[in-house]
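As structure tokens, the structure follows; a few thoughts come after it.
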There are 2 protein chains.
Amino acid sequence: MKNDTIPGNQQEENAALEKNSCPVQATIGVLSGKWKLLLLFQLRNGEKRFGELGRALPSITPAVLTGQLRELEEDGIIQRKAYAEIPPRVEYTLTEIGRSLLPVIINMEKWGLEYFKQMKGAAGDCLWDDQIIG
Amino acid sequence: MKNDTIPGNQQEENAALEKNSCPVQATIGVLSGKWKLLLLFQLRNGEKRFGELGRALPSITPAVLTGQLRELEEDGIIQRKAYAEIPPRVEYTLTEIGRSLLPVIINMEKWGLEYFKQMKGAAGDCLWDDQIIG
DNA sequence: CAGGATCCCAGAGGATACTG
DNA sequence: CAGTATCCTCTGGGATCCTG
């Protein structure tokens, strides 16, 4: 946003948001995207190709898949490796920092399960079970 | 979404997303909203009134503030108490489950700080320090 | 195979003005 | 004081078709 003219005292409170330098917002940011959690889940145990990801997530379109992968790549969460072959081959893998996100996700899952239990009594059937963390 | 006709085998993978029953998505969901983190931070140590919240977040408009508070309330994260007085008074507080979100947020902050350190070398100056957790 | 190029739409967020 | 009512914009995600 532009430099909105605000008195300047309580501004401190949301300075972190305005400057986009709040680590919590950053964490939410990299995970916000309709397919990102699913993509990270797909990559939890190693590399996958563009087509594999597309097949694993049947209702995502190539255009959107590309977009989500690009964002994750720009955020440093995944790495893209393209091989100069015919036909083309591209593999995506989690980066180190990307892998370090998994425990954080597990922690969110735990809260979410408690939340479901208390809110609707309906259990959630997510993918992120303890299995994925070695 | 509608019941898109998908073969039905790999569909399991994103069933959690489609059904919106993934606890991780739920956690991200309740926190996704431009001002929600800031509002939760404002309420971390007890109740606050509508006007107080507005003054603490100078660039939010009443309409949007109402919207964000309504969503948090519907999600069971905060509670709204209106007093039948003139002039009106309304107080917002975290619910029990809402308070239980704070440690999760702290955990996200920790990852975010590591992320900043590794990505840009720029430290984040967020609000969610260890102070807020008793 | 792994995308790129276009066009499109719903919904979150915001500006502004008004009210019980 | 604590909102509500309208109107408007911008962008994330999607549909569709095309290509090195």
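Chain letters run A, B, ... following the sequence lines, proteins first and then strands; every chain starts at 1. Scope of the values below: all heavy atoms of this structure, side chains included, with no hydrogens, waters or symmetry mates.
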Just the rounded figure in Å: distance from [atom2] of [N] to [atom1] of [X].
X	N	atom1	atom2	value
B:Ile86	C:dT19	CD1	P	17 Å
A:Tyr92	C:dC1	OH	P	15 Å
A:Lys34	C:dC9	NZ	C1'	13 Å
A:Glu52	C:dC1	CD	P	12 Å
A:Glu71	D:dT11	CD	C1'	11 Å
A:Ile60	D:dT16	CD1	P	16 Å
B:Glu85	D:dA2	CD	P	10 Å
A:Phe50	C:dG4	CZ	P	8 Å

For [N] and [X] - does any side-chain N or O of the residue sit under 4.0 Å from the phosphate oxygens OP1/OP2?
X	N	value
A:Arg49	C:dA2	yes
A:Arg70	C:dG4	yes
B:Arg89	D:dA2	no
A:Arg80	C:dA2	no
B:Trp35	C:dA12	no

Full working for side chain to side chain donor-acceptor pair (under 3.5 Å) between A:Gln42 and A:Lys48: CA-CA 8 Å; A:Gln42 289 299 321; A:Lys48 282 208 173 169; 2.8 Å; yes
So which nucleotide from [options] ends up closest to the side chain of [X]?
X	options	result
B:Pro87	D:dT16, D:dC1, C:dA15	D:dC1
A:Val90	C:dG3, D:dG3, D:dA15	C:dG3
A:Val64	D:dG3, C:dG3, D:dG14	D:dG14

Might you work through the side-chain contact (heavy atoms from CB on, under 4.5 Å) test for B:Val30 and A:Tyr115, ending with a clear yes or no? CA-CA 11 Å; B:Val30 301; A:Tyr115 177 61; 3.8 Å; yes
Result for 5'-nearest mapping on DNA chain D, choosing between A:Pro88 and A:Gly33, is A:Gly33
Using 4.0 Å as the upper bound for N to carboxylate O, is an ion pair formed by [Y] and [X]?
X	Y	answer
B:Arg80	B:Glu91	no
B:Glu114	B:Lys117	yes
B:Glu52	B:Arg55	no

Looking across every strand, which nucleic acid part, if any, lies under 4.0 Å from A:Gln68 by heavy atom: base, sugar-phosphate, or nothing? sugar-phosphate
Across the strands shown, which category fits B:Ala63 at heavy-atom distances under 4.0 angstrom: base, sugar-phosphate, nothing? base
